[in-house]
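Convention: sequence-line order gives letters A, B, ...; per-chain numbering from 1.
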4 protein chains.
Amino acid sequence: MTQGPRKLINGNENEAVWKPIKERRHERADKKSAVLRKAARLFLAQGYNRTNLNDIAEQLNITKPALYNYFASKDEMLFECFRLGHEMILHQMAEIAESPTSGLEKVARFIRAYARLMTTDYGACMVRLDERELPARTLEHVRAFKRDIDHRLRKFVSGGVEDGSIIRCDVKLTTFAIAGSLNWIGHWYKPKGASPDRIGEEFAARLIAGLAQQQSKPKNPTQ
Amino acid sequence: MTQGPRKLINGNENEAVWKPIKERRHERADKKSAVLRKAARLFLAQGYNRTNLNDIAEQLNITKPALYNYFASKDEMLFECFRLGHEMILHQMAEIAESPTSGLEKVARFIRAYARLMTTDYGACMVRLDERELPARTLEHVRAFKRDIDHRLRKFVSGGVEDGSIIRCDVKLTTFAIAGSLNWIGHWYKPKGASPDRIGEEFAARLIAGLAQQQSKPKNPTQ
Amino acid sequence: MTQGPRKLINGNENEAVWKPIKERRHERADKKSAVLRKAARLFLAQGYNRTNLNDIAEQLNITKPALYNYFASKDEMLFECFRLGHEMILHQMAEIAESPTSGLEKVARFIRAYARLMTTDYGACMVRLDERELPARTLEHVRAFKRDIDHRLRKFVSGGVEDGSIIRCDVKLTTFAIAGSLNWIGHWYKPKGASPDRIGEEFAARLIAGLAQQQSKPKNPTQ
Amino acid sequence: MTQGPRKLINGNENEAVWKPIKERRHERADKKSAVLRKAARLFLAQGYNRTNLNDIAEQLNITKPALYNYFASKDEMLFECFRLGHEMILHQMAEIAESPTSGLEKVARFIRAYARLMTTDYGACMVRLDERELPARTLEHVRAFKRDIDHRLRKFVSGGVEDGSIIRCDVKLTTFAIAGSLNWIGHWYKPKGASPDRIGEEFAARLIAGLAQQQSKPKNPTQ
DNA sequence: GATGAATGAGCCTTCATTCAT
DNA sequence: TATGAATGAAGGCTCATTCAT
């Protein structure tokens with residue numbers, strides 16, 4: 001609170017003006033991250049509505065209004081969860097898209113990557129939290145995030161159909177089938193069960209089987 | 001409400017003394033159903049929390065406290081949504097379980113049936129509403145509902161592994177993969193898109209492909 | 001609130017850094033007391049049910065939810081009224097119990113003390129508010145408070161019977177007779193009538209007369 | 001309401017007009033009494049506020065709106081409880097007032113009579129229910145009832161002081177002391193404890209002792 | 001940056017009472 | 001007379017957010 005005076009007493013003026021500012025920026029970013037992660041975990045554990053700002057603040061050993069130093073509102077925290085989740089997924093999908101492989105292989109890689117993401121906090125937030133809690137403006141952003149992911153996955157699939165690695169199928173429904181399997185991971189995954197990689201492999205095996213062209217289908221299409 | 005005409009058509013004036021009582025019972029049951037269906041739809045459309053009793057009452061042209069003639073509390077409505085959803089699913093699964101078919105075929109039938117259910121109000125409620133809104137007592141019931149469904153599906157799968165119609169696989173993960181695909185339908189289904197039956201067929205085709213033993217696998221495993 | 005002036009008078013500007021914290025604590029305790037006293041008075045004046053939190057808040061120039069900074073619920077306020085009343089009574093009875101006097105004298109002292117307490121807010125709360133408004137948990141506490149007081153008074157009476165200062169009588173009924181007279185004060189007392197001390201003397205005189213052994217009974221035992 | 005027609009159709013005109021009317025009047029009065037007694041007991045057992053009309057109706061095997069055939073409102077029931085209580089007390093006091101006895105004896109008789117009344121439903125209602133639940137109009141009536149009783153008792157006491165049977169004392173406080181003891185009975189009396197008569201005797205003995213002039217005071221002043 | 005205190009808005013629920021039948 | 005259904009009014013409580021310090 002009245003740290004100013006104390007700093008004058010204890011501090012070294014040079015450090016007080018320069019270093020701390022950088023440090024503070026780091027500290028500030030770290031704290032913001034800590035707040036968000038705590039929020040994300042509580043949102044997942046209890047639901048967004050049943051998590052109040054006091055819950056979050058208490059677990060961070062600060063008080064409710066202190067949260068407003070880092071986020072302008074509760075729904076901004078929620079939006080950030082979605083944004084980070086989307087960012088992670090997007091990053092993986094972009095990488096896969098650029099790889100010079102068949103559509104089937106892209107889908108397989110996506111499954112493995114996305115399965116792993118579903119076992120992370122922000123990944124799970126993307127599929128378990130309800131964007132309708134957001135105000136109109138940010139709501140639209142999140143919906144765009146989700147459409148974006150969906151479209152990209154559809155592109156993998158339709159690319160596979162075109163390059164012959166994937167059977168002719170209803171791209172939209174197929175995409176939904178894959179996405180549903182994967183999203184569900186966010187609901188049931190628990191650290192003490194099967195490992196994220198294990199889950200990714202198994203899901204890739206199961207889901208790819210229904211897509212691969214017979215002739216090109218190895219016994220285990222994910223190897 | 002518009003019973004008058006119907007009474008004139010069907011009714012016998014002599015029965016007038018008795019019938020009203022029966023009719024009232026029907027009316028009451030009908031009204032309760034109407035309340036619940038409206039509640040379910042609003043819960044799905046806006047989320048449970050963002051739906052207040054006024055919303056429900058207004059759309060029914062009654063006032064908020066009138067709802068308490070039919071349900072003791074808001075969360076009782078929510079529980080009933082889950083209960084009806086579970087009831088429908090259970091009914092289908094029981095029928096499938098009794099059929100003298102291979103495990104693979106049971107899974108295929110389940111996929112078609114469950115896909116259809118996901119396109120109904122109470123079916124979607126089962127997977128889209130959050131049971132954690134419920135008080136402890138009924139929360140446990142709903143969790144038991146969900147475990148029950150999960151166990152039954154696992155039995156279909158493990159039965160198929162045992163009878164040789166399904167490849168050796170991680171039963172738990174496989175069940176999750178199937179359930180996830182299907183549950184997701186409740187989130188994206190819209191009446192103007194693909195028909196429930198169409199969805200069921202496509203999903204059966206895709207999901208079964210990864211399970212069927214090669215030799216026994218026809219081109220379209222669900223025929 | 002009007003601490004400003006007082007601070008100017010009493011305070012030392014140097015202490016300003018520390019004192020506010022202490023002062024705030026005091027303020028907080030003071031405010032809590034003020035809330036409770038206002039609540040107690042309204043409960044007495046209008047009855048617990050007919051007093052709503054708005055009534056209390058308005059008279060304190062705050063808003064209804066601000067009350068929740070000090071009490072977790074309306075019934076917690078009620079319980080505190082009972083608790084403080086009990087505390088005051090208990091304190092007096094404990095002191096009397098320790099005094100090296102006859103049972104009769106203890107009863108006489110109790111009458112005077114209790115009569116005075118009945119003319120205070122929390123004292124009157126003990127006998128005029130209905131503990132059945134409380135939830136099960138705290139209800140039992142209050143009933144224990146009341147049983148406690150009753151038992152202690154019975155002990156004074158039975159002690160007097162044993163030490164010969166009080167005639168043989170039905171201890172239970174006698175205790176009820178005394179307690180009833182005294183409790184009733186809480187219902188009729190008004191500041192502009194007889195003074196608390198006056199009431200205590202008169203009641204002691206009247207009530208003791210029926211208890212004292214003849215030989216030891218002065219004409220007016222309270223003079 | 002629109003029974004007229006049906007009566008014309010089904011009824012026998014003679015019976016319908018004469019006998020049933022008397023019978024119905026009796027029935028009606030009986031039912032009204034039953035309603036009131038049930039209400040009184042619930043008011044005492046749970047408090048007026050916590051007793052809702054459903055509670056009363058249920059215990060009578062009728063429905064809530066049926067109560068409105070007998071009483072215009074809930075507070076009319078409450079008022080009737082007070083009125084009956086007052087009536088009973090008044091009746092006894094009037095009888096005592098007319099008896100050619102000393103003031104002391106009148107007080108003694110009053111104590112015995114009132115103690116008994118406190119063990120009855122409507123007697124207890126007089127002292128345990130809160131007249132402030134009533135609307136302004138009837139509230140004033142009940143307050144008048146209570147003042148009336150108070151005045152009459154004061155008259156007994158002051159009469160006794162004048163006729164020399166009672167010591168000089170503060171008539172008002174003395175009356176309060178007696179009334180308080182007696183009213184309290186309504187709060188603690190239970191059928192399985194001391195009998196009403198027993199209580200009356202004991203209370204008369206205790207309370208009279210402090211009033212009787214020494215010379216005229218027999219060992220047991222109430223004989 | 002951080003805090004204690006306060007607020008406004010909103011929501012579920014209760015209940016006496018009314019009304020058509 | 002009696003009932004099922006509905007209503008208006010009110011009350012306790014929660015919580016994100018603001019503000020002075």
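OP1 and OP2 of E:dG4 both lie 4.0 Å or more from every side-chain N or O belonging to C:Arg28. Taking only side-chain nitrogens and oxygens, A:Asn69 never comes nearer than 4.0 Å to OP1 or OP2 of E:dG1. At E:dA6, one or more side-chain N or O atoms of C:Lys31 fall inside 4.0 Å of OP1 or OP2 (strictly under the cut-off). A close approach under 4.0 Å does occur between a side-chain nitrogen or oxygen of A:Tyr68 and OP1 or OP2 of F:dT17.
In this structure, B:Phe71 reaches neither bases nor backbone, as no heavy-atom distance under 4.0 Å exists between it and the strands shown.
Of the residues in residues 44-65 of chain D, those lying under 4.0 Å from DNA chain E by heavy-atom distance are D:Thr51, D:Asn52, D:Leu53, D:Lys64, D:Pro65. Residues of residues 74-83 of chain A that place a heavy atom closer than 4.0 Å to DNA chain E do not occur.
Of all heavy-atom pairs between B:Gln46 and A:Arg132, the closest is N-NH1, 3.7 Å. Across all non-hydrogen atoms, the minimal contact from B:Val35 to B:Ile56 is O-CG2, 4.4 Å. Of all heavy-atom pairs between C:Thr138 and C:Phe79, the closest is CB-CD1, 3.7 Å. Across all non-hydrogen atoms, the minimal contact from B:Leu44 to B:Arg128 is O-NH2, 2.8 Å. Residues D:Cys81 and D:Leu36 approach most closely at SG-CD1, 4.0 Å, considering heavy atoms. Heavy atoms only, all atoms of each residue included: C:Phe82 and C:Leu129 are closest at CZ-O, 3.6 Å.
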**OP:** Take C:Arg28 and C:Lys31, measure what side-chain contact (heavy atoms from CB on, under 4.5 Å) needs, and give me the verdict at the end.
**Re:** CA-CA 5 Å; C:Arg28 185 174 170 77; C:Lys31 284 181 184 172; 5.7 Å; no

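Note: OH (B:Tyr70) to P (F:dG4) measures 12 Å, nearest angstrom. Taking atom CD of residue C:Glu27 and atom C1' of nucleotide F:dA20, one finds them 12 Å apart after rounding to whole Å. Regarding C:Asp30, its CG atom lies at a distance of 12 Å from the P atom of E:dA5, rounded to whole Å.
By the side chain to side chain contact (heavy atoms under 4.5 Å, CB included) test, B:Glu140 is found to be paired with B:Arg143, B:Arg147, residues two or more places apart in sequence or in another chain being considered. Take D:Arg50 and apply the side-chain hydrogen bond (donor to acceptor under 3.5 Å, both in side chains) test, not counting sequence neighbours, and it matches C:Asp130, C:Glu133.
In this structure the side chain of B:Arg41 never reaches within 4.5 angstrom of the side chain of B:Lys38, judged on heavy atoms.
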Output side-chain donor-acceptor pairs under 3.5 Å for residues 65-77 of chain C, partner residues at least two apart or in another chain, one line each.
from	atom 1	to	atom 2	distance (Å)
C:Ser73	OG	C:Asp75	OD1	3.1
C:Ser73	OG	C:Glu76	N	3.2
C:Lys74	NZ	C:Tyr48	O	3.0
C:Lys74	NZ	C:Thr51	O	2.8
C:Glu76	OE1	C:Ala72	N	3.4

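Taking the screw axis at each terminus of the helix from E:dA2-F:dT21 to E:dT21-F:dA2 from five consecutive base pairs, the angle between the two is 20° to within rounding of 10 degrees.
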